[in-house]
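Quick note: numbers below take in every heavy atom, side chains included, and nothing from hydrogens, waters or symmetry partners.
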Amino acid sequence: MIRIVCFALAVLISAPAMAEVADVYDFDTMAQQQRYQNLTAELRCPKCQNQNIADSNSPIAEDMREEVYRMMKDGASDEAIVESLVARFGEFVRYKPELESRTVLLWATPAIAVLVGLLAVVGVVRRSRRAGTDAPALSEEEKARADKMLAGRSQDTPS
């Protein structure tokens, strides 16, 4: 019984230590809070790679959230905040990279893949049509052999 009590006491004492501290920021209006949430949702965590900074628990995401909050309080625009973080962490932090000479291939890849697929389908269809029309007709001898084979088969099958 004493073991159970000690275990329960240990769990109760250690629970606050395991609790995660969430970022708490004060905003003057709901619009500012919504703007902050939108910005943190559209920026990718450099460490987690496929998680936005709003959902990430990594220290770098925490620093990025603090930077977004600080810049918002200083009156920076959304574009200025994003550009600042891109300058610091690279283009990777954007979920939607801008169309530039460096990112043209990234943006064009889906269209190129669809085009290549369509060309492959057209090629297969054309080839199959060409193969169907180029088939030589049966000679009289081959027709007679085929008729004989089919006649023999129809006699073997029970009705």
Side-chain angles (χ1 to χ4, degrees), residues 20-159:
E20 189 175 313
V21 178
D23 295 331
V24 179
Y25 297 113
D26 293 323
F27 296 98
D28 297 332
T29 64
M30 286 299 290
Q32 284 180 338
Q33 183 175 0
Q34 185 63 43
R35 180 178 165 219
Y36 172 81
Q37 289 172 352
N38 289 343
L39 279 168
T40 57
E42 71 181 37
L43 292 167
R44 186 188 326 241
C45 175
K47 182 178 180 185
C48 303
Q49 295 190 357
N50 207 16
Q51 197 173 25
N52 60 32
I53 64 172
D55 297 334
S56 175
N57 294 328
S58 71
I60 196 163
E62 186 178 326
D63 291 345
M64 290 173 77
R65 287 190 300 266
E66 287 176 17
E67 183 68 13
V68 169
Y69 178 75
R70 184 192 63 75
M71 290 182 76
M72 278 182 63
K73 284 297 187 179
D74 290 345
S77 68
D78 291 358
E79 294 81 22
I81 294 171
V82 171
E83 288 304 320
S84 169
L85 293 173
V86 166
R88 184 172 169 192
F89 298 105
E91 189 72 28
F92 179 77
V93 297
R94 289 181 195 243
Y95 272 115
K96 301 173 191 168
E98 291 183 349
L99 182 60
E100 298 175 351
S101 60
R102 296 180 301 140
T103 59
V104 167
L105 185 61
L106 173 71
W107 285 101
T109 299
I112 292 170
V114 168
L115 184 62
V116 167
L118 286 174
L119 290 174
V121 168
V122 167
V124 168
V125 168
R126 282 187 178 173
R127 193 173 312 139
S128 67
R129 283 186 183 168
R130 215 178 297 137
T133 59
D134 293 346
L138 294 176
S139 68
E140 290 300 322
E141 182 182 315
E142 291 170 332
K143 284 182 185 177
R145 280 184 52 208
D147 288 341
K148 186 177 179 182
M149 291 170 84
L150 289 173
R153 206 179 240 174
S154 64
Q155 291 173 0
D156 292 344
T157 57
S159 304

Does any part of the side chain of Ile81, heavy atoms only, come nearer than 4.5 Å to the side chain of Tyr69, both counted from C-beta?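 Counting from C-beta outward, Tyr69 and Ile81 never come under 4.5 Å.
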
Less than 4.5 Å apart, any side-chain heavy atom of Phe89 and any of Leu43? no

Quick check: closest heavy atoms across [X] and [Y], and the distance to 0.1 Å?
| X | Y | answer |
| --- | --- | --- |
| Ser58 | Lys47 | CB-CD, 3.7 Å |
| Pro46 | Val93 | CG-CG1, 3.9 Å |
| Ala54 | Ala41 | CB-N, 4.3 Å |
| Ile60 | Cys45 | CG2-SG, 3.9 Å |
| Gln32 | Thr29 | N-OG1, 3.1 Å |
| Ser84 | Glu67 | OG-OE2, 4.4 Å |

What verdict does the side chain to side chain contact (heavy atoms under 4.5 Å, CB included) test give for Arg44 and Leu85, after you've listed the backbone C-alpha separation in whole Å, the side-chain angles of each residue and the deciding distance to 0.1 Å? CA-CA 10 Å; Arg44 186 188 326 241; Leu85 293 173; over 6 Å; no

Looking at Lys73, I want to see if its NZ is surrounded by more than 12 non-hydrogen atoms of other residues, nucleotides or ligands under 6.0 Å. yes

Over 12 foreign heavy atoms within 6.0 Å of CZ, Arg70: yes

Residues forming a salt bridge (charged side-chain N to carboxylate O under 4.0 Å, His left out) with Asp78, sequence neighbours excluded: Arg35

Using a 3.5 Å distance criterion without hydrogens, assess whether the side chain of Arg94 forms a donor-acceptor pair with backbone atoms of Val82.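 Pair absent, no side-chain N/O of Arg94 close to backbone of Val82.
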
Atom [atom1] in [X], atom [atom2] in [Y]: separation rounded to 0.5 Å?
| X | Y | atom1 | atom2 | value |
| --- | --- | --- | --- | --- |
| Glu79 | Ser77 | CD | OG | 4.5 Å |
| Leu150 | Lys148 | CG | NZ | 12.5 Å |
| Glu142 | Asp147 | CD | CG | 12.0 Å |

Below 30° counts as parallel, above 60° as perpendicular, anything between as tilted: where do the rings of Phe27 and Tyr36 land? tilted

